[in-house]
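Notes for the one structure printed next.
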Amino acid sequence: MATQDIQDQPQRRQAAPVSTPVSFDLSTAAASAVRRTTGMLLRHKLLIGTVIVLGTGIAGLVALRMTPLYTAQTLIMVEHRKNQVMNYQEVVSGLSTELGALQSEVAILKSPAFAEKVVSKLGLMNDPEFNAALRPEQTNWFYYLNPKNWVPDSWWNSARGDRPEIALSPEEKTANEKTSVVNSFIENLAVRPQGRSYVIAVDFDSEDPRKASLIANTIGEMYLVDQLDEKFKAAKRATTWLEERITELRREAKTTGEAAEKYRAESGLTNANGETTLIAQQLAELNTSYVLARTKRQEAESKLREVTTLAQSPRGVSAIGDVLGSPLIQALRQQEVELQRKIADAANKYGARHPTLTALQSELRDLQGQIRADVGRIVQNLSNEVEVERGREAALKTNLDQLQAQRNQQQESNVTLRTLERDAETSQTMYEAMLTRFQEIAGQTDIQQPDARIVSEAAIPLNPSQPNKKMIVLLALIASATLGVLLAMLREQSERGFRSPHQFESVTGVRSLGIVPAIGRRRRGTSPAAYAIDKPMSAFAEAMQNLRTTLLLANPDGHQRVILFSSSVPGEGKSSIAAAFARICANAGQKTIILDCDMRRKGLHPMLGLENRHGLYEVLSGECAPNEVIQTDPRTGLHFIASGRGSALPQDMLGSSRMHQLISRLALEYDRVILDSPPVLAVSEGKLLAALADQTVFIVHWGKTKRETAMAGLKEIVEAGGEVVGVLFSQVDIRRHAQYEFPDSGRYHGYRRYYAN
């Protein structure tokens, strides 16, 4: 078998079509996962148990050494209902019951300023519980468990770097010490709202239950006092400011009022609005007269235009009479009409030249002349009337403009006066408001109430609240168990050795020859070769019998008699398995001989209880014949050739023709010729022996030999021309092996009742 064939076999096996159907049975997969997890935990139970014991034990010791703390609780309720004795607006408004307002009060209770007041009131600066400078130096063993205390302070300072020391005055040192005490006080204080209620819970932890109760109650009392103090301070500040402001406003109101009255007198205004002044009355009367005069002038002009126009028309005189409605003109018109009728009658009666007609016509001409004269006088009178009305209107307009100018000047004075009056009114209003507010605040000063009350005072706690030792141990147990499992998983993932021949077979394609159980601790002093004979019904002896049977089935014709036991590195149990296997074969009646081919270590003869005076070295060097160095095992009849005393150039001797001849001769005389080879990766002799053997059993230390190492050793044997019949895992912990999910898991442990180990 070539190396390429070893490497190609897994690939060909992977490329082969899978005819088995894929199972989607989730219950089976879950059960398999549970079994794998359980097996992993059982395999690493010692590691997990050690971590759990150490972690829980340390946590228990720490919990026992921790100083118990007692928690006292005071309940403060923020008032959401107000007792309104007087319905006055407060200087400082009451607290809002919204969540933000409650959180603000919580922040006040936990503030350093408030904590400093409580520290000063109770004198906690002199209490060693809060002032670290007053505590005695810790020198007990628990103090040294802290790794930080293992390093000197000078080392810590060097690691942080050289920093110049700041010289502090005694006052600054006292201030820093007080700040430290306040911070320690705040660390033991817990303030939180109680759900959706208006109640704030104040918890304080202390080593002394009475001290915890005293401090919690003091915090509640100081909080109420602090609220009242703030309200009194606010009222005092408001009163002082109002007094100053009232004095200013009184002076300002007086000044502005006097200025308004003085200006009114100088401007001639009778009242604040200036609407009843003399100029306003004259302007109203004159404006009315001006409107009437303008109306009359327009009427006169209109009548004059109409009369003038009618006078120039054909029927002017008659029309003018009708328009003017003059009785004289109308009478003359009636006479004219009567004369015209008479003239018409006379013309019809007497003719055109009759004296009567002539007299009537003359009378008519005189009458018409008189009418025209009267109309002229009327028109002249109308013209005179228009001129009179125009003059009157112009005079009224002049007077009106003069009064209007005076009126405008007076309006400007009114604007200034109103401004002065508004200033005076504003000053007076502010003065009255401030005076009223001053009286309200003065009345509130004596009835100030806090916006909260204590609903439950802190009682003296009887049982410590911290530490919760059971919880600490429980959490430590859970944490250490989790850490142990994680370490077990990490250790499981970091294992680089093969845990089953099936793993090796899937990687290399080399068949499995089984596993060899490790001998129990009580039999550690007994060699495996003796144990296989002493305990023929043991699992170890059964593994040797199984190996013998497997090799018989692999070689049914019996031609392949030379079997080499080889491994990659020393310490894999190769020699022990070879010696035990040889004894099993000899004890079964097969004529068997075993050769110790490891001329460097020479470790096979002590396992069989034989000597190493002469051996393989002497045969190959020609000093002795093979028959002279063969020893017989008195218990099984096994023949044995020791390695011999010499060790010079073993690779040359094992690769010589004498070695070939010796192996060929022994193969003819014995049913089994077993060769114990040195590790192939350690020395080169193993590869020479692999070429001489008919079959090679490759030994791998279960879980110890690295996978890369085992595969490299196998490659060396194959490249040397060795026929690897299979891989055998040695020193298998059958109890741990049974905890894996491999096909051969539990092979011996599951049926341990069949074996007498």
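Between Lys211 atom NZ and Leu124 atom CG the span is 7.5 Å, to the nearest 0.5 Å. Taking NZ from Lys110 and CD1 from Ile186, the interatomic distance works out to 8.0 Å, rounded to the nearest 0.5 Å. The line from OG of Ser197 to CG of Leu75 is 9.0 Å long, rounded to the nearest 0.5 Å.
By the side-chain hydrogen bond (donor to acceptor under 3.5 Å, both in side chains) test, Glu177 pairs with Asn131, sequence neighbours left out. Listed by chain and number, the residues in a salt bridge (Lys or Arg N to Asp or Glu O under 4.0 Å) with Asp208 amount to none (sequence neighbours excluded). Phe114 is linked by a ring-ring contact (aromatic ring centres under 6.0 Å, His included) to nothing, counting only residues two or more places apart in sequence or in another chain.
Paired with Phe204 under the rule side-chain contact (heavy atoms from CB on, under 4.5 Å), one option of Thr71, Asn188, Leu214, Val118 passes, and it is Asn188.
The main-chain N or O of Glu116 is found under 3.5 Å from a side-chain atom of Ser120 such that the two form a donor-acceptor pair. Asn217 places a side-chain N or O within 3.5 Å of a backbone atom of Ser213 that can act as its donor or acceptor partner. A donor-acceptor pair is defined here as one N or O able to donate and one able to accept, closer than 3.5 Å; no such pair exists between the side chain of Ser184 and the backbone of Val181. In this structure, the side chain of Glu129 engages the main chain of Glu207 through a donor-acceptor pair within 3.5 Å.
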Pair up each side-chain donor or acceptor in residues 467-485 with any protein partner under 3.5 Å, not counting sequence neighbours, and list the distances.
residue, atom, partner, partner atom, Å
Asn468, OD1, Met471, N, 3.3
Ser480, OG, Ala476, O, 2.7
Ser480, OG, Leu477, O, 3.0
Thr482, OG1, Ile478, O, 2.7

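The ring-ring contact (aromatic ring centres under 6.0 Å, His included) contacts involving residues 53-76 comprise nothing, where partners must be two or more places apart or lie in separate chains. Pairs engaging residues 186-196 under the salt bridge (charged side-chain N to carboxylate O under 4.0 Å, His left out) rule: Arg192-Asp203 [sequence neighbours left out].
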Test log, rule side-chain contact (heavy atoms from CB on, under 4.5 Å), inputs Asn183 and Thr179
CA-CA 6 Å; Asn183 293 336; Thr179 301; 3.8 Å; yes
In sequence, state the C-alpha distance, the side-chain angles, and the governing distance for Lys117 and Asp226, and then conclude on side-chain contact (heavy atoms from CB on, under 4.5 Å).
CA-CA 10 Å; Lys117 295 179 181 178; Asp226 188 67; 2.6 Å; yes
Between Ile76 and Glu105, is the side-chain contact (heavy atoms from CB on, under 4.5 Å) condition met? List the steps.
CA-CA 11 Å; Ile76 302 173; Glu105 296 305 306; over 6 Å; no
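Annotation: side chain of Thr74 is not in contact with side chain of Ile219 (no heavy-atom distance under 4.5 Å). At a threshold of 4.5 Å between non-hydrogen side-chain atoms, the residues Arg707 and Val507 do not count as touching. Inter-residue side-chain proximity for Ile215 and Phe185 is flagged as met; some heavy-atom pair is nearer than 4.5 Å. Using a 4.5 Å heavy-atom cutoff, the side chains of Leu462 and Pro209 are not in contact.
For the residue pair Asp205 and Ser465, the shortest heavy atom distance occurs at OD1-OG, 4.2 Å. Considering every non-hydrogen atom in both Ala201 and Gln73, the closest pair reads CB-NE2, 3.8 Å.
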